2 protein chains.
Amino acid sequence: MDAQVELFQALGDATRLRLVNLLTQTGEICVCELVDALELPQYNVSRHLQILLKAGWLEDRKVGKWVYYRVARDLKPYHRSLLRAVDQLREEREDFRRDEQRASRRLKLRRGGVCCVGLVSISEGGHTAQRPGTAG
Amino acid sequence: MDAQVELFQALGDATRLRLVNLLTQTGEICVCELVDALELPQYNVSRHLQILLKAGWLEDRKVGKWVYYRVARDLKPYHRSLLRAVDQLREEREDFRRDEQRASRRLKLRRGGVCCVGLVSISEGGHTAQRPGTAG
DNA sequence: CGTTTATATGCATAATAGCGCATGTGAGCT
DNA sequence: AGCTCACATGCGCTATTATGCATATAAACG
């Protein structure tokens, strides 16, 4: 599809807006951390990450069994403007702020700068607690 | 739906991006002029205008049988950032430029600052030539 | 090699979006 | 009143999208 239209379309979804916001606020962050922060099922987060990736919004970096995502670095002016818009949304979006809080708590638990290391149990059931049926 | 998500979603469509671009570039402009500029069927343009209107992007003003649209005036910072992004897209979008050219030709034909007055035939078949079957 | 962990994806389904056609609405003109 | 013009909208269709479930992939670890 039209690459620029795809760019806007990728932001036309609440979950993806939350992801983009979180990624711009926290920098590089891995999928399991995003799952915990957004409190959404892993497959759901993964799907939306793929959409953002394909649209050109994100970069991924694989480290062992983890995948870290971050906002892409080679951005054009219109990308920047769009990211600024997302940032300016923050004031009005409680969900953004809650995501950021949960993410910040989660990121403090990183050991040696690596996600998930030494994590046995965040909530009961471990940090994959957001699998449907386990949480909620 | 979530008002801010709707805002982004409204821009996630080529036709609506073209409309927003044209409206930011030309100011107030009526539906028949937009139809000529975009070379799309009237019902199509009308539909997308309603979507943009509902999303909070546009204002309309009815004058006789015409309806003029313009970009809304009470905009928040994130609206402005988004509009800036659309503007920055212009460089890469031939379609935007073509729309603007056709619009500019069309707008020169206004009489007394009013659209459509004294217009008998722009292209053969009159200025409603974009009805399917008449054009293309 | 089998198992666990982290992530991605095929599939079915439900919801949504865009399009074309036809028609409705409402203003102005005769 | 009847007609035309400018614009909006209901309907049916098709295409796309989001979601949930299950499973695939692939790395790490015993």
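Small disclaimer: the values here were computed from a predicted structure and weren't measured.
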Quiz prompt | Atom pair distance, as rounded to whole Å: CG in Asp36(A) and P in dA6(C) | solution = 10 Å
Quiz item: What integer distance in Å separates Asp60(B):CG from dT9(D):P?
Solution: 10 Å
Quiz item: Is any N or O donor-acceptor pair between the side chain of Arg47(B) and the base of dG20(C) shorter than 3.5 Å?
Solution: yes
Practice problem: Please lay out, stage by stage, how Gln9(A) and Asp13(B) fare under the test side chain to side chain donor-acceptor pair (under 3.5 Å). | Solution: CA-CA 7 Å; Gln9(A) 217 171 27; Asp13(B) 175 277; over 6 Å; no
Quiz prompt | Option passing salt bridge (charged side-chain N to carboxylate O under 4.0 Å, His left out) with Glu28(B) (candidates Arg70(B), Arg61(B), Arg110(B), Arg73(B)) | solution = Arg61(B)
Quiz item: If you find the nucleotide of DNA chain D closest to Lys65(B) and the one closest to Asn44(B), which residue's nucleotide is nearer the 5' end?
Solution: Lys65(B)
Exercise. Answer with yes or no whether Gln42(B) presents, from its side chain, a donor or acceptor under 3.5 Å of a partner atom in the base of dA6(D).
Key: no
Exercise. Would you classify Leu53(B) as touching base, sugar-phosphate or nothing, given that sugar-phosphate means primed atoms plus P, OP1 and OP2, and contacts are heavy atoms under 4.0 Å?
Key: nothing
Exercise. Provide, to the nearest angstrom, the distance between the CG atom belonging to Leu58(B) and the P atom belonging to dC7(D).
Key: 14 Å
Quiz prompt | First of Lys62(A) and Gln9(A) reached from the 5' end of DNA chain C, by closest nucleotide | solution = Lys62(A)
Quiz item: Within less than 4.0 Å of OP1 or OP2 of dG20(C), is there a side-chain N or O belonging to Tyr43(B)?
Solution: yes
Quiz item: For the pair made of NE2 in His48(A) and C1' in dG20(D), what is the distance, rounded to whole Å?
Solution: 12 Å
